[in-house]
Amino acid sequence: MRFSRSFGRTLREAPADAEMISHQLLIRGNFVRPAGAGIYTFMPFGYRVIRKIWAILAEEMDAIGGQEMWMPNLHPASLWQATGRWDTVDVLMKVKAGGSREYALSATHEEIIVDLALREIESYRDMPRMIYHISKKFRDEPRARGGLMRLREFIMKDAYTLDTSEEALDAYYPSMIQAYYNIFERCGTPARAINADVGAMGGKSSHEFVVPHEQGEDMFIACTNCDYAANVEAAVFVREGEKPDKLNELGKILTPDCKTIADVASFVGVLTSQTLKAVFYWWTPLGEGEENGRFIFGLVRGDLEVNEVKLINALGGGALRPATDDEIKAGGVTPGYASAVGLDVAADLTEPGVFVIADTSIEAGGNFVVGANEAGYHYTGANYPRDFTISQMADIAQADTGRQCAQCGGRIEAQRAIEAGHCFKLGTRYSTAVNATYLDEKGKPQLIFMGSYGIGLDRLMAIIVEKHHDDYGIIWPDSVAPFQVHLMHIGKGDEVRQTADSLYETLQQAGFEVLYDDRKASPGVKFNDADLIGIPWRVTVGGRSLAQGGVEVKRRSQPDRHLVPISELVAMVSN
RNA sequence: CGGGGCGUAGCUCAGUUUGGCAGAGCGCUCGGUUUGGGUCCGAGAGGUCGUCGGUUCGAAUCCGGCCGCCCCGACCA
């Protein structure tokens, strides 16, 4: 590629609204251009990187038996209605055509896959199968952000497995996990697999691949001692603390202006872990309107926080929002001075009364200070179950730095990260919906077991830049670089020009992808562009080096420059 | 969807407080100069000031609606 003919230009300054380094550098380097919020064009340089990542993904998927295919992005509404996701996936973009016809834009491809499985899979002999494709996804993200980090239209590699049983799915799963490790390793962004919440995908379990990053959207927990790691929404931990040997009597004390746990603890003179915290939500079951929801009373030890995703999972799904003051009071609860003591507690979700869901931490300690459900008063010496009842006990507290690891007893630590990939064991969630079955050895119909495995290519490209850059620009890993060699000539003279022209041919004939900066520009402009674009090898032809018998070769990732005889150039950059 | 910020030349931004000829730097074009780290000099092209409406003799500037973009939160397969 001759630079003088490349489409688009590099920018000296990044657009002011580009905040993340990857966003700034990818725009400045002419890799991408925005078309709208969360919508980007991949310019020629950027598309080359995408194709490199594409090749790595395809190789690793093929290596574990994957078959690449290509699925549509326009999905008939009936397919999404069949799985029940037409109305429940709120980021689904829908389009109308021809009057009454409706389509979903491909937010993901489970619907297409399970429909294909229904048609193509008839016998246990037709499985296992692993198929994948790399194509566009469209999601109506309420908030696109971070350049290529969160997009409304993006490129995803998604693979799907079809198996005869859960055992077969389990048996194959580790090879997919290993392929993912290989992929991220090869892209220069080693990622870590962590246990994750299954979210709207449904299914049994999932692993997220995360790359630690301070601006990441994900929070995960990792043990400082062992290999335990999980998304905060799935992380378990030990509630340290014991029930006291001697239970104090329940006593009521005056606690004016003590509406927060910190206020109460300092007023009474106890640690926050000797209090109980109440939080209130309005919960709407899956597929119901808000009017069919109910008031939920969440209870955790005072030094902990409720994790809303854990809480929703404990309730069996649905949606949660903070309760209004009126809803709280309607439950017989006094905001700021709330506790389960004296409440009319519901036995289960079908019964009237206040549904109190408590974290297991309320049993890791005792003689708690709790609200008296009366403004200005708290109880001391409150103990479960002596002084109050609950509706349900569950793990609803958020894991955080300093807590104890459930696996080894060490200390855990919270870290921010970017989600780079996700593997789901879907099980029969989708095959059940459309009755996708096969005949087993005995001729009996059985449901197909599915898995789905995704990696966002654009996001991965951005993560690579986040991890591989310096003050001057991008430093592409060799594996995904748009070109291997950035050739340029600087200075005057026919010899310089002719030497560079012939090296351009030589290098290409030797099999290298070469970006040849043949522009009539000052050396500073060319060097700065080379640093910005970040191609691994830079080859400079100039009068100075030619006089010394060679050309200058520099690795983008290293500071030193080498004078290399032209005859040795190909060998040099082959390493 | 809640909170905050922004919208003026391709890019970065000034001008808006206090209404009065549309500006700078970079980039682009032309001429010259320079030639190993964003050279220097000169001459140019380029803008319905996001959009619609209102106030006014007069609006980029004041008021209102809408649209778009960014950040935080909610959400997130």
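Computed from a predicted structure; not experimentally measured. Chain letters run A, B, ... following the sequence lines, proteins first and then strands; every chain starts at 1.
- Distances shorter than 4.0 Å separate some side-chain N or O of A/R12 from OP1 or OP2 on B/G27.
- Looking at heavy-atom distances under 4.0 Å, A/A107 makes contact with a base.
- Among the atoms of the strands shown, none is found under 4.0 Å from any heavy atom of A/P34.
- Closest to the A/V525 side chain, of the nucleotides B/G37, B/U39, B/A74, is B/U39.
- Nearest to the side-chain atoms of A/D17 among the listed nucleotides B/C70, B/C72, B/G37 stands B/C70.
- Counting non-hydrogen atoms under 4.0 angstrom, A/D158 reaches nothing in the nucleic acid.
- Out of B/G38, B/C76, B/C11, the shortest distance to the side chain of A/D529 is found at B/G38.
- A/R561 comes within contact range of at least one nucleobase, with a heavy-atom separation under 4.0 Å.
- Looking at A/H422 and A/E419, their side chains do bring a donor and an acceptor atom within 3.5 Å of each other.
- Using a 4.0 Å heavy-atom distance criterion, A/R152 is classed as making no nucleic acid contact.
- Across all strands shown, B/U55 forms no Watson-Crick or G-U wobble pair with both key distances under 3.5 Å.
- Here the side chain of A/N528 is nearest to one of B/G37, B/C76, B/A74, namely B/G37.
- When only modelled atom types and interatomic distance are considered, A/R556 and A/Y472 share no side-chain donor-acceptor pair under 3.5 Å.
- Between the side chains of A/D501 and A/Y516, at least one donor N or O lies within less than 3.5 Å of an accepting N or O.
- Nucleic acid contact for A/I490: base, since at least one base atom lies under 4.0 Å from a heavy atom of the residue.
- In this structure, A/E305 places its CD atom where only 12 or fewer heavy-atom neighbours from other residues, nucleotides or ligands lie under 6.0 Å away.
- At a threshold of 4.0 angstrom between heavy atoms, the contacts of A/E19 are confined to the sugar-phosphate backbone, with no base atom among them.
- Of the candidates B/C69, B/G27, B/G37, B/G27 carries the atom nearest the A/R9 side chain, counting heavy atoms from C-beta on.
- Comparing B/A74, B/C13, B/G38 against the side chain of A/A16 picks out B/C13 as the nearest.
- A/S522 has no side-chain polar atom (N or O) that falls below the 4.0 Å cut-off from OP1 or OP2 of B/U35.
- The C1' atoms of B/C28 and B/U18 are separated by 37 Å, rounded to the nearest whole Å.
- Base-pair partner of B/G47: not found among the strands shown (Watson-Crick or G-U wobble, both distances under 3.5 Å).
- Nearest nucleotide to the side chain of A/P142, out of B/A74, B/G37, B/C71: B/A74.
- Atom-to-atom, NZ of A/K492 to C1' of B/U34 comes out at 8 Å; the value is rounded to the nearest Å.
- Within the 4.0 angstrom heavy-atom criterion, no nucleotide atom of any strand lies near A/E111.
- OP1 or OP2 of B/C72 sits under 4.0 Å from a side-chain N or O of A/R143.
- Here A/G147 lies out of heavy-atom contact (under 4.0 Å) with every strand.
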**Request:** Start with the C-alpha distance between A/E217 and A/R145, add both sets of side-chain angles, then the distance that settles salt bridge (Lys or Arg N to Asp or Glu O under 4.0 Å), and finish with yes or no.
**Result:** CA-CA 10 Å; A/E217 297 183 59; A/R145 73 179 99 187; 3.8 Å; yes
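- If you take atom P in B/G73 and the same atom in B/G15, they sit 30 Å apart, rounded to whole Å.
- Counting only heavy atoms from C-beta on, A/P15 has its side chain closest to B/U12 among B/G38, B/G37, B/U12.
- Of the candidate nucleotides B/C76, B/G38, B/G27, B/C76 has the atom lying nearest to any side-chain atom of A/R150.
- No donor-acceptor contact under 3.5 angstrom links the side chains of A/H133 and A/K157, judged on distance only.
- As the counterpart of B/C69, B/G5 is assigned, both hydrogen-bonding distances of the Watson-Crick or G-U wobble pattern falling under 3.5 Å.
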